[in-house]
Amino acid sequence: MRSQNLNDEEVASLHLLTVTPEYQGKGISKRMMEAIVSLAMEKGKRAIRLDTLASNIPAQHMYEKLGFAYRGKQNLYAENTCWTDFLYYELPLNFETGEVHKNEKYDCILRVGL
C-alpha cells in the first residue's frame, strides 16, 4: 500500500497520544484512536497520518492492528529525546462509506460507530 498523494487539508495528523502508566493496558489508546478515526471521517478527511518513536513497540503494534500502514523512518531531533528515529504511519479513510480501508498485512478493518 503506497502513501496517498493528498493535500494537507485532506489529512488528519496525530503527533502525540499518551496514556499515563497506571491506565496503560486497558484499551484506552485503542478507544482514543477509534474516536480520532471517527472525528477524521466526520470532518471529511481522506487519511490519518501519525508518527511514533521507533522504540515505542507497543504503539507500533496497536497502529498496525488498527490498519495503519508503515510509511517510513526519519532520524529527527526533539528536545525530550535528542536525535532519535521516528516511524511514520498512514490510515486511508473512506468517509463516504464510514469505513477504513483494509490493511492486507493484518487482514483487518476498523469500523467506527460512535
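For reference, positions follow the sequence shown, starting with 1. Computed from a predicted structure; not experimentally measured.
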Answer whether the closest heavy-atom distance between the side chains of [X] and [Y] falls below 4.5 Å.
| X | Y | answer |
| --- | --- | --- |
| Leu91 | Leu66 | no |
| Leu50 | Met33 | yes |
| Leu87 | Lys73 | yes |
| Glu42 | Leu39 | yes |

Please report the shortest heavy-atom distance between [X] and [Y], naming the atom on each side.
| X | Y | result |
| --- | --- | --- |
| Ala40 | Ala12 | CB-CB, 4.0 Å |
| Glu90 | Arg49 | OE2-NE, 2.6 Å |
| Leu17 | Met32 | CD1-CE, 3.2 Å |
| Ala54 | Gln60 | O-NE2, 2.7 Å |

Going from [atom1] on [X] to [atom2] on [Y], what distance comes out if it is rounded to the nearest 0.5 angstrom?
| X | Y | atom1 | atom2 | value |
| --- | --- | --- | --- | --- |
| Phe68 | Thr52 | CZ | OG1 | 11.0 Å |
| Leu93 | Glu10 | CG | CD | 11.5 Å |
| Arg71 | Asp51 | CZ | CG | 14.5 Å |
| Ser29 | Tyr63 | OG | OH | 7.0 Å |
| Thr84 | Asn56 | OG1 | CG | 10.5 Å |
| Lys45 | Ile36 | NZ | CD1 | 14.0 Å |

According to a hydrophobic-cluster definition based on side-chain heavy atoms being under 4.5 Å apart (Ile, Leu, Val, Met, Phe, Trp, Tyr only), do Val19 and Leu53 belong together? no
Hey, any chance Tyr23 and Met62 share a hydrophobic cluster, counting ILVMFWY side chains that come within less than 4.5 Å of each other, even indirectly?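 Yes, because Tyr23 and Met62 connect within a single hydrophobic cluster, where side-chain heavy atoms sit under 4.5 Å apart.
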So, using side chain to side chain donor-acceptor pair (under 3.5 Å) as the criterion, who are the partners of Asp85 when residues are at least two apart? Asn75
Geometric class of the Tyr89/Tyr70 ring pair [parallel <30°, tilted 30-60°, perpendicular >60°]: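 Aromatic pair Tyr70/Tyr89 classed perpendicular.
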